[in-house]
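Not measured: the values here are computed from a predicted model. Chain identifiers are assigned alphabetically (A, B, ...) following the order of the sequence lines, protein sequences preceding nucleic acid strands; residue numbering begins at 1 within each chain.
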Amino acid sequence: MELRLYDTKSREIQTVHETNHKVRMYCCGPTVYRDAHVGNMRTFLLSDLIRRTLTVLGYQVSIVQNITDVGHMSEDFEAEDKLLAQSKTEHIDPLAVARKYEEHFHTDLALLNILPADKYPKASECIPLMQDLIAKLIAKGNAYVGSDGSVYFDASSFPGYGMISGNRLDALKPGHRFEYTDEGGKKFHADWALWKAAGHRTEMIWDSPWGPGFPGWHIECSAMSIQFLDGHVDIHVGGIDLRFPHHENERAQSNAVTGNETVDLWVHGEHLLFQGRKMSKSAGNVVLIRDVVEHGYDPLALRLVFLENRYRSQMDLNWETIAAADETLKRWRKLVNQVMHAIPSENVKITQAICEDLDTPRAIQIIRSLEKDHDLEIETKVGHLLFADQILGLDLSRKEQVRELTPELETILKSRKKARDEKNWAESDRLRQLLEDQGLIIRDSSDRQDWQWR
RNA sequence: GGUGGAGUGGCCGAGAGGCGAGGCACAGGACUGCAAAUCCUGCUACACGGGUUCAAAUCCCGUCUCCACCUCCA
C-alpha cells in the first residue's frame, strides 16, 4: 500500500515517493530558547506518524530535524535574537540556553513516544554550510549585498514565489518590520536576510565573506536539507504558520540553488488551540508536557487525543478529553495484557485509513469497534491492536505499573475482607473509603475484592 | 486589502451524495450487600438563504460568524 498525503503547494492529496530507496524527510524543529508546548509537539507527532507509517509499509526512512539555536529573531524592535534575550533573562551563556532546552525537547519527544530523527543538526554548527549556500545564491544572481552590509535574497528573482502560501508578491503588504533599521538595506520589502551584518552585536556572530554577522532564519533549513538529505526532500513537515514566510522563502532558496523542485510534498500540521485561541506564549495559554504529567495523566493520553483529531484540522484541547483518553488507554492496555505472547497482525482497514492522508480518527474508530465486537476472539483483537500500535505509538503492550502496597494498606484490605465475609457492610464501606482516600480503587465481586492504584 | 481554513447534538469531534461515526457527560437497565468497573438501552445535529438532484451535512451560488497567516510562531 502507498501513503498519500495532502500537499500544501498543489493543494491535492499526493502519493509519497522514495528517492534512491529511501523516503527523505525534513522536519522543521524547535528554536531552543524555551520549552516546547504541546502545540509544538502536535506537529512533531505528525512527523512521527508519517515515519512510523512508512516504516510499517516497508520503506526506509531518513529524517533530519534542525535545532535552531541562532538567527531566530524575536519581534523586539532591537531585533534581538530569541536565544540572546533568554540568555539575559536566565543569566547564562546563550549556547547553554540552547543546550538546556534542546535536552528538554528530547525528553518531551520521548514522553510522547516520538522516535528520534536520524540527525539533529544545529544551526550554530552549520554556519559554513549556510555561508556556502549564500555565496552560491549571490553567484547565481538570486541574492545581493544590501546597503547595510547584510545579504538579502531577491524575492523577485525567483519566478514561482508564492506557490505554497498562495500569496502573490504584488499583493504582499509591506510588513511593519520593513522600517527596521537592521533590514533597511533591502531593495524590496519582500526580500529577506540571508546573512545579517553584526552591527552592534558581539555575541553569537561569525566571520564571513560579507563581514561578521549571523545567518538569517530561513537559510538553515535550505542548507541542512540539501546537505543531509542529498539535495532532495520527499516530505517536508512543519506547522501551518511556517507556510509563510518560512517555507515560501526556504523553497525559493533551495530551488534557486539546486535548479529544480527540491521538495516533493509540503505537509503542514494545523494549530492546536486551547480555550479557543492558538496556543502561544503571548496568548498565555501554553500547556507543557510537564503540565499533563503533573495533572496525573499519561503523556501518551495526549498522544491519543491528538490522534483522535485529524492533523489538518485545528483542534481545541481541553482537560476533559485528555482525561477520557487516559481512561481509554488504560482499558486498551488491560485488554492487550490479557493475551500472553500476542503478535501484531495487520488490519487492512486500519492501514487503509492511515494511508489515506493519515486518517487517524477513523483508525481509532475501527479499534473501538474491534474492541466491542463480541464475535472476535480476544487474540484477534489484541493482534490488531498491536499492529495499529506500531503506527499509533501508544505503547499498548505496556504492563501496568505495580506499586507495592504499604503494610498499612494491606492490613486495611485484610480487615475489609473479613468485614465483608461477616457481612458487616457499615465497616466494609468505612474501610473502602479509607483505602480510596489513600489512592486505591476497590472493585468488589461476590467472593473477593480487587484493588488497583488510581 | 491579500491569503489559507472552519461552522455538526449538553460538550469534544468523524463524515465518502442514499439505511443517523465515535467519545465524554447524562438517563434507564443488567450485575453488585451497596458502590466501582463492565455490558445493554436511550438521547439528538448539521450557521443562514437560495440552487442542482429521485435523494445534500456532503455538490454549486450568496450571506453571516469564527480561527489562522501577511516578514516572530509548530
Next on the checklist: Please check: side-chain N/O of A/Arg51 versus main-chain N/O of A/Pro116, any donor-acceptor pairing under 3.5 Å?
Outcome noted: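 The answer is yes, because a donor-acceptor pair under 3.5 Å joins these two groups.
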
Checklist entry - Quick check: does any side chain N or O of A/Arg11 sit under 3.5 Å from a backbone N or O of A/Tyr6, one acting as donor and the other as acceptor? => result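 Such a contact is absent between A/Arg11 side chain and A/Tyr6 backbone.
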
Using a 4.0 Å heavy-atom cut-off, does [X] contact any base of the nucleic acid, only the sugar-phosphate backbone, or nothing at all?
{"X": "A/Gly166", "answer": "sugar-phosphate"}
{"X": "A/Leu272", "answer": "base"}
{"X": "A/His268", "answer": "nothing"}
{"X": "A/Met41", "answer": "nothing"}
{"X": "A/Asp316", "answer": "sugar-phosphate"}
{"X": "A/His218", "answer": "nothing"}

Checklist entry - What one-letter contact string describes nucleotides 16-33 of chain B from 5' to 3', where B marks a base within less than 4.0 Å of any protein heavy atom, S marks contact via sugar-phosphate atoms alone, and - marks no contact? => result B----BSSS--------B

Measuring only between side-chain heavy atoms, which start at C-beta, is [X] closer than 4.5 Å to [Y]?
{"X": "A/Trp332", "Y": "A/Leu304", "value": "yes"}
{"X": "A/Met163", "Y": "A/Arg251", "value": "yes"}
{"X": "A/Thr328", "Y": "A/Arg368", "value": "yes"}

Item to check | Residue mapping more 5' on RNA chain B - nearest nucleotide basis, A/Glu270 or A/Tyr161 | outcome: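 Nearest-nucleotide comparison on RNA chain B picks A/Tyr161.
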
Checklist entry - When you measure from every atom of RNA chain B, which of residues 436-443 of chain A have a heavy atom less than 4.0 Å away? => result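 Output list: A/Ile442, A/Arg443.
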
Checklist entry - So A/His247 and A/Trp266, would you call those rings parallel, tilted or perpendicular, with 30° and 60° as cut-offs? => result tilted

Next on the checklist: Is A/His374 close enough to B/C39 that one of its side-chain N or O atoms is under 4.0 Å from OP1 or OP2 there?
Outcome noted: no

Item to check | Distance below 4.0 Å between A/Tyr6 side-chain N/O and B/G5 OP1 or OP2 | outcome: yes

Checklist outcome for this item: Under the rule of Watson-Crick or G-U wobble with both distances under 3.5 Å, where | means paired to another strand and [ ] a crossing pair, RNA chain B maps to (((((((..(((.....[...))).(((((.......)))))....(((((..]....))))))))))))....

Item to check | Validation row, ring centre A/His384 to ring centre A/Phe387 under 6.0 Å | outcome: no

Next on the checklist: Using ring centroids (six-membered ring only for Trp), state whether A/Tyr120 and A/His106 fall under 6.0 Å.
Outcome noted: yes

Checklist entry - Is there a donor N/O on one and an acceptor N/O on the other, under 3.5 Å, for the side chain of A/His271 and the base of B/A68? => result no

Item to check | Distance-only polar pair, side chains of A/Gln452 and A/Arg443, donor-acceptor under 3.5 Å | outcome: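 Their side chains do contain a donor-acceptor pair, which is all the 3.5 Å distance test asks for.
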
Next on the checklist: Side chains of A/Arg416 and A/Gln449 only: does a donor on one sit below 3.5 Å from an acceptor on the other?
Outcome noted: yes

Item to check | Criterion side chain to side chain contact (heavy atoms under 4.5 Å, CB included) on A/Asn249 and A/Tyr161, from CA distance to verdict | outcome: CA-CA 8 Å; A/Asn249 294 358; A/Tyr161 192 82; 2.6 Å; yes

Checklist entry - What do the steps show when you test A/Trp192 against A/Gln253 for side chain to side chain donor-acceptor pair (under 3.5 Å), and what is the final call? => result CA-CA 11 Å; A/Trp192 64 92; A/Gln253 293 163 171; 2.8 Å; yes

Next on the checklist: When the C1' atoms of B/G20 and B/C46 are compared, how many Å lie between them, rounded to an integer?
Outcome noted: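 These two C1' atoms come out 11 Å apart once rounded.
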
Next on the checklist: Using the side-chain heavy atoms of A/Ala190, tell me which of these nucleotides is nearest: B/G2, B/G4, B/U71.
Outcome noted: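 Side chain of A/Ala190 sits closest to B/U71.
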
Item to check | Rounded distance in Å - CG (A/Asn309) to P (B/C12) | outcome: 12 Å

